[in-house]
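Structure first, then comments.
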Number of protein chains: 2
Amino acid sequence: MPTLKVKLSKRELIISEASKLFREKGFGGSSMRDLAEKVGIEAASMYHHIRSKDEILEEICFEMAHRYEAQLSETEVQDISYPEKIEALIAFHVQLIIDNANAVSVVNNDWKYLSKERMIAFKSIRNDYEKRFAAIISKGIEAGAFKKVNISIALFTILSSLRWVELWYKPTRGVTKEDLAKDISAILMNGVKA
Amino acid sequence: MPTLKVKLSKRELIISEASKLFREKGFGGSSMRDLAEKVGIEAASMYHHIRSKDEILEEICFEMAHRYEAQLSETEVQDISYPEKIEALIAFHVQLIIDNANAVSVVNNDWKYLSKERMIAFKSIRNDYEKRFAAIISKGIEAGAFKKVNISIALFTILSSLRWVELWYKPTRGVTKEDLAKDISAILMNGVKA
């Protein structure tokens, strides 16, 4: 079905350009007209591929949420130590942020513009993710692999420490993404103190 | 000069309500009309106290930037170890975020809406802050107090790890702000690994 294939890839292009635009101008500051211009098609023909700006935001948020979730499910059942599980998740976050900086930025900043119903669904996936991430920390403490830290504080310190990567990281800064993940992991696992 | 006093406090009230409003709706999504309603005065009389929405944003951003800067200047000259300096800065960040959650949120999210000229000034203060914070890490490494970490990665991991406090922390969660600062410091200084 070549027609369908073309339609899909135009849709992907729209979503990719939308991620760039929302990141730059914010969801509220971006119009479908701006987006059509970026994509290089008439505003009217954009609606053959996408219903609304809201639909684009939903697609970006849930696509990313599902990727995080899929990686977590895989990591949970891997036969590695608890610190290795956390390190694997940190490496995944770093890679996702670097490979999809625009989309990750939109999720971080613009999820609050989801419709009420979709926002509830999004928050529910996010809460589930945080609970399962926290459970790895908690089991690691029980197993004696982690210090007896406050689990919520550890959870959010780890997740939040990755936030800057989207804002700061450029390959030109002379740090590879592998080193970046390794160094962030090292700081969170072992601290900066000698 | 009682008239001046009243004017100042009305101005402060406007800025405080603006922080709440911008945090909730974003700078772009907030109108002077909404703000006047929150403050409980006529939109027209607001302009006796404040020139524009831009002026409010400037005041919020630079007020916060100067507080961070003042604390850093004090910490730099304190006669304590490098790890203690970083811990003092972490404690200050936590306290500032908890005591001024609305303003800190506005600075984090809306600084990019500053006018071009003010944005340059703001970024210059922020760069200066980051450089001086990095210098403490760098001197700490030289003194053997810190591991030989990549300084930029350590800097941004520390600063970014504090970001979630504004989004997550509520006194009702059973963690005092002193414990919060202490636990975040402990994770960054010594890591989570047993």
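We name chains A, B, ... by the order of the sequence lines, and we start the count at 1 in each one. As the structure is a computational prediction, the values presented were derived from the model and not from experiment.
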Rounded to the nearest 0.5 Å, the CZ atom of A/Phe156 sits from the CD1 atom of B/Ile187 at a distance of 12.0 Å
Note: vs chain A, highest number of non-hydrogen pairs under 4.5 angstrom among B/Gly28, B/Ala145, B/Gly191 is B/Gly191
If one checks every heavy atom of A/Ala154 against chain B at 4.5 Å, the contacting part turns out to be both
All heavy atoms of B/Gly144 vs all of A/Ala194, minimum pair found to be O-CB, 3.3 Å
Between chain A and chain B, which N/O donor-acceptor pairs sit under 3.5 Å?
from: A/Ala145; atom 1: O; to: B/Ala194; atom 2: N; distance (Å): 2.9
from: A/Lys147; atom 1: N; to: B/Val192; atom 2: O; distance (Å): 2.8
from: A/Lys147; atom 1: NZ; to: B/Asn190; atom 2: O; distance (Å): 2.8
from: A/Lys147; atom 1: NZ; to: B/Gly191; atom 2: O; distance (Å): 2.8
from: A/Lys147; atom 1: NZ; to: B/Lys193; atom 2: O; distance (Å): 3.1
from: A/Ser160; atom 1: O; to: B/Ser160; atom 2: OG; distance (Å): 2.6
from: A/Ser160; atom 1: OG; to: B/Ser160; atom 2: O; distance (Å): 2.6
from: A/Ser160; atom 1: OG; to: B/Trp164; atom 2: N; distance (Å): 3.2
from: A/Trp164; atom 1: N; to: B/Ser160; atom 2: OG; distance (Å): 3.2
from: A/Leu188; atom 1: O; to: B/Val192; atom 2: N; distance (Å): 2.8
from: A/Met189; atom 1: O; to: B/Val192; atom 2: N; distance (Å): 3.1
from: A/Met189; atom 1: O; to: B/Lys193; atom 2: N; distance (Å): 2.9
from: A/Asn190; atom 1: O; to: B/Lys147; atom 2: NZ; distance (Å): 2.8
from: A/Gly191; atom 1: O; to: B/Lys147; atom 2: NZ; distance (Å): 2.8
from: A/Val192; atom 1: N; to: B/Leu188; atom 2: O; distance (Å): 2.9
from: A/Val192; atom 1: N; to: B/Met189; atom 2: O; distance (Å): 3.1
from: A/Val192; atom 1: O; to: B/Lys147; atom 2: N; distance (Å): 2.8
from: A/Lys193; atom 1: N; to: B/Met189; atom 2: O; distance (Å): 2.9
from: A/Lys193; atom 1: O; to: B/Lys147; atom 2: NZ; distance (Å): 3.1
from: A/Ala194; atom 1: N; to: B/Ala145; atom 2: O; distance (Å): 2.9

Cut-off 4.5 Å, heavy atoms of chain B, and the answer for A/Val192 is both
Pair count under 4.5 Å, heavy atoms only, with chain A: among B/Ile153, B/Ile137, B/Ile141, highest is B/Ile153
